[in-house]
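Because the structure is a prediction, the values reported are computed rather than measured. Residue numbering restarts at 1 for every chain, and letters A, B, ... go by the order of the sequence lines.
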Amino acid sequence: DTEVTQTPKHLVMGMTNKKSLKCEQHMGHRAMYWYKQKAKKPPELMFVYSYEKLSINESVPSRFSPECPNSSLLNLHLHALQPEDSALYLCASSQDWQGAGGPSTDTQYFGPGTRLTVL
Amino acid sequence: GQNIDQPTEMTATEGAIVQINCTYQTSGFNGLFWYQQHAGEAPTFLSYNVLDGLEEKGRFSSFLSRSKGYSYLLLKELQMKDSASYLCAVRDVGGSARQLTFGSGTQLTVLP
């Protein structure tokens, strides 16, 4: 099973709203990722959690706040977003990004994404 | 840093073979991935190469030459459902991170 689930599928929010995106995997993966993808562009890495600790923050504005409550869950809290933040937000997970299992175990599997529209 | 190039668009006919090329220039290299992405959906993992040579998986094959910074994805017996964007992604080992950097994707259209 290589399933990563994300909720909600679609989200429309105003610039003053607070909302959260959720991601879940039950593959025993210890690394989880948030990506942002604009139309006809490749995914851009936002955050990486490894063993429930934030290991990479790609200079993402503070209006995006990630949280990893446990090894299976990853949240992205949204506050005071701008219309240009409208995009597909993808969650991914991989088995062991620190490489103890070897590089081939570090394949990232993506969830279906949340289509976010900021009005 | 990473620089990954792949063609923007390709068109092929159902039943044919198509080769999608990817060239990369990276400061570090620890594997190259190919993903398929249908419009509005998540990328789906297709293949992984870390050593030189060809990896075959059914109708899909991927080749890597590390000395040339070059990879290709070969799709045989094309089907209409193969119409999608194909993303080449390189994994770096800079610092303590294993980050994926994606190319801009190749939009493949399969015609009947």
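- Heavy-atom distances place no part of B:Gln107 under 4.5 Å from chain A, backbone and side chain included.
- Proximity to chain B (any heavy atom under 4.5 Å) is restricted, for A:Glu58, to the side chain, taken from C-beta onward.
- To the nearest 0.5 Å, atoms CG (B:Leu46) and OG1 (A:Thr107) are separated by 11.5 Å.
- Residues B:Leu87 and B:Tyr48 share a hydrophobic cluster, clusters being chains of Ile/Leu/Val/Met/Phe/Trp/Tyr side chains in contact below 4.5 Å.
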* Asked: Are B:Tyr35 and A:Gln108 close enough, and set up right, to give a side chain to side chain contact (heavy atoms under 4.5 Å, CB included), and what steps lead you there?
  -> CA-CA 10 Å; B:Tyr35 284 86; A:Gln108 291 184 31; 3.6 Å; yes
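- Put simply, A:Leu45 and B:Leu32 are part of two different groups of oily side chains (I, L, V, M, F, W, Y) that touch within less than 4.5 Å, one to the next.
- Heavy atoms only, all atoms of each residue included: A:Phe110 and B:Pro43 are closest at CB-O, 3.5 Å.
- Comparing A:Cys91, A:Gly111, A:Pro43, A:Ala92 by how many heavy-atom pairs each has under 4.5 Å with chain B, the most go to A:Pro43.
- Grouping the Ile, Leu, Val, Met, Phe, Trp and Tyr side chains by contacts below 4.5 angstrom, directly or via other members, places B:Leu78 with B:Trp34.
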* To do: Check step by step if side chain to side chain contact (heavy atoms under 4.5 Å, CB included) holds for B:Leu100 and A:Tyr35.
  => CA-CA 11 Å; B:Leu100 277 186; A:Tyr35 288 85; 3.9 Å; yes
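- Within 6.0 Å of NZ in B:Lys57 there are more than 12 heavy atoms belonging to other residues, nucleotides or ligands.
- Of the two parts of A:Gln37, only the side chain, counted from C-beta on, holds a non-hydrogen atom closer than 4.5 Å to a non-hydrogen atom of chain B.
- A:Tyr89 pairs by the side-chain hydrogen bond (donor to acceptor under 3.5 Å, both in side chains) definition with nothing, not counting sequence neighbours.
- Checked against side chain to side chain contact (heavy atoms under 4.5 Å, CB included), B:Ser83 has the following partners two or more places apart in sequence or in another chain: B:Val110.
- Counting heavy-atom pairs closer than 4.5 Å to chain A, the top-ranked of the candidates B:Gly31, B:Ser85, B:Gly103 is B:Gly103.
- Annotation: the span from A:Leu90 atom CG to B:Glu41 atom CD amounts to 11.5 Å, rounded to 0.5 Å.
- In this structure, A:Lys40 places its NZ atom where only 12 or fewer heavy-atom neighbours from other residues, nucleotides or ligands lie under 6.0 Å away.
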